[in-house]
Each structure stands twice: as structure tokens, then as C-alpha cells.
Protein chains: 2
Amino acid sequence: MRSDSRLSRMLHALIHMDRHDGAMTSEQLAQMLNTNPVVVRRTMAGLRDQEIVRSEKGHGGGWALNRALAEVSLLDIYRALGDPRLFAIGLADDDPRCLVEQAVNAAVADTLAAAEALVIARFGEVTLADIARDFDARFAAVMGRKGSEA
Amino acid sequence: MRSDSRLSRMLHALIHMDRHDGAMTSEQLAQMLNTNPVVVRRTMAGLRDQEIVRSEKGHGGGWALNRALAEVSLLDIYRALGDPRLFAIGLADDDPRCLVEQAVNAAVADTLAAAEALVIARFGEVTLADIARDFDARFAAVMGRKGSEA
DNA sequence: GATCATGCAACTCCTGTTGTTTCAAGAAAC
DNA sequence: GTTTCTTGAAACAACAGGAGTTGCATGATC
């Protein structure tokens, strides 16, 4: 399957929302994410349930952040999306009778569990504010280059 | 998609092959793996190309190991399968213009790269012999329980 | 030459994200 | 109060990639 890009899309959207005055519509977000307003609403639904964002209908409605960027970690978003499956590889049978397969599963599952723990830990340490700061640095770098061109 | 179980299937098959006298047919392996001989041949093809196993046609033909279990790491098998995609999640766009998305990508890709490095390192450290030893321990444990039941 | 086994091509099936259409419902503007 | 804008939700098609399946060619052994 093509890979699940909901996490990165939501991060992208949330940071833009933070820099935007007032609510952003699904239509605006969809254009930014190069997709479709329905996909935006569907994906944002989980974040709304977790009160990371709020949505409002009607004129002037749309989506807005409900918390400061520094108060939202990548893990919060990952969880709000329903803990999407992390790995594309897995076991042939989760509870096999064959002892050989049990030994194989233990070896593979151990490694994947360690990798998953690492991902979860790192997602928990990084906030949206960290990413926004990195964006600011990238922006400053581009501006610096443009200035020196003149 | 349901997850890619080629790695665990191959590990399972290879250890059985090691404990088996003579070549094993795709049909025999397929029954063990609860699948189809064509799937076995298709998946084993990569291992044959890497000379981890060999195959022979005709009467008495089938598949046999080409190396000692201790000389084959999980990473060798993973590589022989063509480095299957490890993660189910990914970036929306690998090379975006938007600086916000670049910052998001950096954060997500960093974490995934660290997790992938961990998986690759651990796969490189574990050999088929390690798994076979674990199987022996499990087998001994079962035998021990059965003995004490009598 | 009959039989057994792999090699390979060409499908279909399955599963989960993504894309799309459609309509109901609520909120602001006029 | 009607129009307009927006989300909410259901329903379905598109797509991707592993898995399953069929059919047949090729080669080795009996």
C-alpha cells in the first residue's frame, strides 16, 4: 500500500494553522496538503476528539488550534490518529503452534518492539514548537541567501 | 495491506531446512508455512540469488541450505528479499517546496531513520543459529514439562 | 519417455489509505 | 428567513503491494 502519510500531513497542517490568523477551512488546508477537503476533515476528526484542534461550521468557520504548539508532541498526534500501524513487516502467525516459528517470532518481534519503543519515545520528546523552530531557521537561512544575492 | 511476512516465513523455512535430511520441496515448505508452493519459490528466489540456499529440479530435488545457520544473519535474509519497506508510515512528499513541510519531514524522517538503523543493526547481530538455539531451549522446556507430567 | 520438481508469467484476491461524490446540518451574512 | 459558507458523515471507487492461484515450459531422475 502506499505509505500512511497522515502523521506528516497533520503536522504540516497544524503548524500552518498556528501561523494563520483565524480559522482555516478544510478547503485551504486541502490545497496546502495537495489533497481533498474531505480527506482533511476525516483525518482531523481524531485530533478534534482529543481537543488538539476545534472546528466550527458556517461563515468564518474552519479549523483552529486548541493548544500551544509547545504543548503538543508528535506522539499526541500519532495517538490522536489512532496509533496507526508503524511497520510494514510482521509475523506470519501471531500465535503459532510450531516451536520453530515461535522462536522466529520472538526474534523478529523483539527487534520490532525495540524499534517501536524508540519511535514512540522520540515522538514523545518532539513538540510542534520544535518543528516550528526548525522551520524558522530554514526560513532565516533562505532569507540570508537572498540577501547576499543582492 | 496485510503486513509483509516474507522475512519471518523465510526464517521459519530455513531452520526447518537445516533440521531436515536432504532437500525439501516447495510443496513441503508451503504446507509448513501454510501457503502455496509458488509463493515459496517466489520468495526463496532472492535467497537463491544470494546463494544462501540452492534449488534443484527433478526427482529428489527441492531446496537446501547453502551455508551454516551461524553464517546467516537476519539481515542477510532481509537484504536477499530486496530490503522490503520497513515502515507503514511515511512522508506525504519526499522533496517538498514548502519549508514547513521540509521541517516536518526532517523531524519524522530522523526518527524513522534512527528506528531503521536499530532494526538493521539488530538484524545484523542475530543469526539463524541464535534462533535455532532458542528453538532448542523451547523444545527442551516442553519435553521437561511432559516428563514431569508422567 | 514418464514423473517429479523448479522457473516464470499472468492473472485475481485482499486490505487499508486516499480520493471523490453527495447530502444533511448548523452558523453567519444579507 | 433565505442564502451562503462550512463541517459531518456515509458510501463508493482508485490504488498499491503482498499473497494466492493457474498454467505451462524446462530440466533432472527414474
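All chains are named by letter (A, B, ...) in the order of the sequence lines, taking the proteins before the strands, and each is independently numbered beginning at 1. Values reported hereafter were calculated over all heavy atoms of this structure, with side chains retained and with hydrogens, waters and symmetry mates removed.
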Between atom CG in A:Leu47 and atom C1' in D:dG8, what is the gap in whole Å? 15 Å
Do B:Cys98 and A:His16 have side chains that get closer than 4.5 Å, going by heavy atoms? yes
Electrostatic pair B:Arg133:B:Asp130 at N-O distance under 4.0 angstrom: yes
CZ (B:Arg97) with more than 12 external heavy atoms under 6.0 Å: no
Is there a side-chain contact between A:Glu71 and A:Asp76 in this structure, where contact means two heavy atoms from C-beta onward sitting under 4.5 Å apart? no
Under 4.0 Å between any heavy atoms, over every strand shown, what does A:Arg48 touch: base, sugar-phosphate, or nothing? Just pick one. sugar-phosphate
Given side chains that start at C-beta, do those of A:Leu74 and A:Tyr78 come closer than 4.5 Å, heavy atoms only? no
Starting at the 5' end of nucleotides 25-30 of chain D, put B wherever the base has a protein heavy atom under 4.0 Å, S where only the sugar-phosphate does, and a dash everywhere else. -BBBB-
Would the number of heavy atoms belonging to other residues, nucleotides or ligands and lying under 6.0 Å from CG of A:Asn34 be above 12? no
Rounded to whole Å, please give me the gap between CE in A:Met10 and C1' in C:dT17. 13 Å
How many whole angstroms separate atom CG of A:Asp49 from atom P of D:dT7? 16 Å
Are the side chain of A:Gln102 and the backbone N or O of A:Pro96 linked by a donor-acceptor pair below 3.5 Å? yes
Distance, rounded to the nearest Å, where B:Asp4 contributes CG and D:dA16 contributes C1': 13 Å
Rounded to whole Å, the CZ-C1' distance (B:Arg85 to C:dT17) equals 11 Å
Taking CZ from A:Arg54 and P from D:dT6, how many angstroms apart are they, rounded to a whole number? 17 Å
Any side-chain heavy atom of B:Thr43 within less than 4.5 Å of one from B:Arg9? no
Hey, does A:Arg79 have a side-chain heavy atom less than 4.5 Å from the side chain of A:Ile120? yes
How long is the line joining CE of A:Met24 and C1' of D:dT7, in whole Å? 15 Å
Between A:Ser5 and C:dT18, does any side-chain N or O lie under 4.0 Å from OP1 or OP2? yes
Rounded to whole angstrom units, what separation is found between the CD1 atom of A:Ile89 and the P atom of D:dG17? 16 Å
Pick the nucleotide of DNA chain C nearest each of A:Pro84 and B:Gly61; which residue has the one closer to the 5' end? B:Gly61
List in numerical order all residues of residues 26-43 of chain B for which some heavy atom is under 4.0 Å away from an atom belonging to DNA chain D. B:Thr35, B:Asn36, B:Val38, B:Val39, B:Arg42
Counting only side-chain nitrogens and oxygens, does B:Ser55 get under 4.0 Å of the OP1 or OP2 atom of C:dG7? yes
So, is A:Arg6 near the phosphate of C:dG19, with a side-chain N or O under 4.0 Å from OP1 or OP2? no
